[in-house]
Amino acid sequence: MIEAVIFDMDGTLLDSEPMWKEAEKAVFSELGVDVTEQLAQQSASMTTIEASEFWYHHYPWHGPSIEEVANRVVTRVGDLISMRGSALEGVSDTLALLEKHQVKIGLATNAPQRLIPIVLDKLGIAAYFSVCCSSEHELEGKPHPAIYLSTAKALGVCPANCLAVEDSGTGVLAAKAANMRILAIPQDNEYDHQKFDLSDFKLRSLTEFELEYLA
């Protein structure tokens, strides 16, 4: 029986990928980086530090450190979320349903810790989450399972009794390695991609969520 549901944040609770792309392109372009779509796709699922290291490797810049540049990106993303962030379909109803049935709710994200309250407050869903964890406090981000294992531990629930809700292949790999049940909600253009074959369930959106996924 599932005792806790752990949500990814970016792409699962809100469609923030365009904001990350916009912020990264603006910040890295200012440093002389040629932010191509092909390379941007490779860095999309990385942590902010990993993405900054990735771009520095391809287009070394002079001046600010990788950490400083990563911080600029995060600040820009936070500003964009504050201005334009909105919950994806079904998010609020699903959280309310889980709370009604006394299911523990956690958050496990590759995004920096300081973005978590910005997102949850903007979406008006902060009160549902009893535990929120960022992989910036782990040795490795997703697809490593550390962030999911830490979140389950903080919730006081065995990983096998957790359902992870993910929109990315790296997130699915992380949850699988943590021995969790997986509910995937891929982007429309990736819905049939084989990287989601590891998931136990797959939905078009959280509007299709039902309690049977916890049985």
Side-chain angles (χ1 to χ4, degrees), residues 6-88 91 106-126 129 132-144 146-148 150-151 165-174 185-187 189-190 195:
I6 302 175
F7 290 85
D8 170 56
M9 188 170 76
D10 291 309
T12 301
L13 298 181
L14 78 165
D15 183 16
S16 52
E17 183 178 346
M19 300 178 205
W20 279 100
K21 284 185 175 180
E22 181 178 336
E24 290 186 351
K25 186 165 187 175
V27 171
F28 293 129
S29 295
E30 290 169 359
L31 297 167
V33 174
D34 181 14
V35 184
T36 65
E37 181 63 28
Q38 183 179 7
L39 289 176
Q41 288 178 354
Q42 293 181 43
S43 67
S45 61
M46 297 178 184
T47 64
T48 317
I49 286 291
E50 289 170 346
S52 299
E53 292 172 341
F54 171 86
W55 286 109
Y56 182 80
H57 173 75
H58 285 83
Y59 297 95
W61 57 75
H62 298 287
S65 67
I66 288 174
E67 290 76 14
E68 288 175 307
V69 173
N71 189 58
R72 291 180 189 178
V73 172
V74 174
T75 298
R76 189 78 62 99
V77 171
D79 291 342
L80 292 172
I81 290 171
S82 294
M83 289 187 291
R84 306 204 298 256
S86 60
L88 287 169
V91 168
L107 183 74
T109 178
N110 264 1
Q113 186 76 37
R114 65 189 175 100
L115 285 183
I116 295 175
I118 294 174
V119 170
L120 299 188
D121 290 344
K122 176 65 176 179
L123 304 188
I125 57 175
F129 292 85
C132 296
C133 298
S134 163
S135 63
E136 72 176 355
H137 303 303
E138 307 291 346
L139 292 177
E140 294 185 56
K142 301 173 188 177
H144 194 279
I147 182 64
Y148 272 117
S150 294
T151 307
V165 184
E166 274 285 352
D167 75 303
S168 71
T170 53
V172 167
L173 287 172
I185 308 178
Q187 304 297 316
N189 63 340
E190 293 190 323
K195 63 186 174 183

Does the side chain of [Y] come within less than 4.5 Å of [X]'s, by heavy atoms?
X     : Y     : result
Thr12 : Leu88 : no
Trp61 : Ile66 : yes
Asp10 : Glu17 : no
Pro64 : Arg72 : yes
Leu39 : Phe28 : no
Trp55 : Leu31 : no
Gln41 : Glu37 : yes

Is a side-chain donor or acceptor of [X] paired with a backbone partner of [Y] at a separation under 3.5 angstrom?
X      : Y      : answer
Glu190 : Gln187 : no
Ser134 : Ala111 : yes
Glu136 : Gln113 : yes
Ser135 : Glu138 : no
Ser43  : Ala40  : yes
Lys142 : Gly171 : no

Separation between [atom1] of [X] and [atom2] of [Y], rounded to the nearest 0.5 Å:
X      : Y      : atom1 : atom2 : value
Glu67  : Ser52  : CD    : OG    : 8.5 Å
His58  : Asp34  : NE2   : CG    : 11.0 Å
Glu53  : His57  : CD    : NE2   : 11.0 Å
Thr109 : Leu115 : OG1   : CG    : 8.0 Å
Cys132 : Met9   : SG    : CE    : 9.0 Å
Ile147 : Leu139 : CD1   : CG    : 11.5 Å

What heavy-atom pair brings [X] and [Y] nearest, and what distance separates the two atoms?
X      : Y      : answer
Val73  : Trp20  : CG1-CZ3, 3.8 Å
Phe129 : Leu13  : CZ-CD1, 4.0 Å
Asn110 : Gly141 : OD1-CA, 3.5 Å
Asp121 : Ala126 : OD1-CB, 3.6 Å
Ile118 : Ser82  : CG2-OG, 3.5 Å
Ala70  : Thr48  : O-CG2, 3.5 Å

Note to self: Pair Glu24, Val77 - check side-chain contact (heavy atoms from CB on, under 4.5 Å), show working.
What the structure shows: CA-CA 9 Å; Glu24 290 186 351; Val77 171; over 6 Å; no
Notebook entry, point to check: Is Lys122 atom NZ crowded by more than 12 heavy atoms from other residues, nucleotides or ligands, each under 6.0 Å away?
Noted result: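 Counting neighbours around NZ of Lys122, more than 12 heavy atoms of other residues, nucleotides or ligands fall under 6.0 Å, so yes.
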Note to self: Tell me whether Glu22 is salt-bridged to Arg76, with the criterion being a basic N under 4.0 Å from an acidic carboxylate O.
What the structure shows: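 So Glu22 does not pair with Arg76 through a salt bridge.
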Note to self: Walk me through whether Met19 and Ile81 qualify under side-chain contact (heavy atoms from CB on, under 4.5 Å).
What the structure shows: CA-CA 7 Å; Met19 300 178 205; Ile81 290 171; 3.6 Å; yes
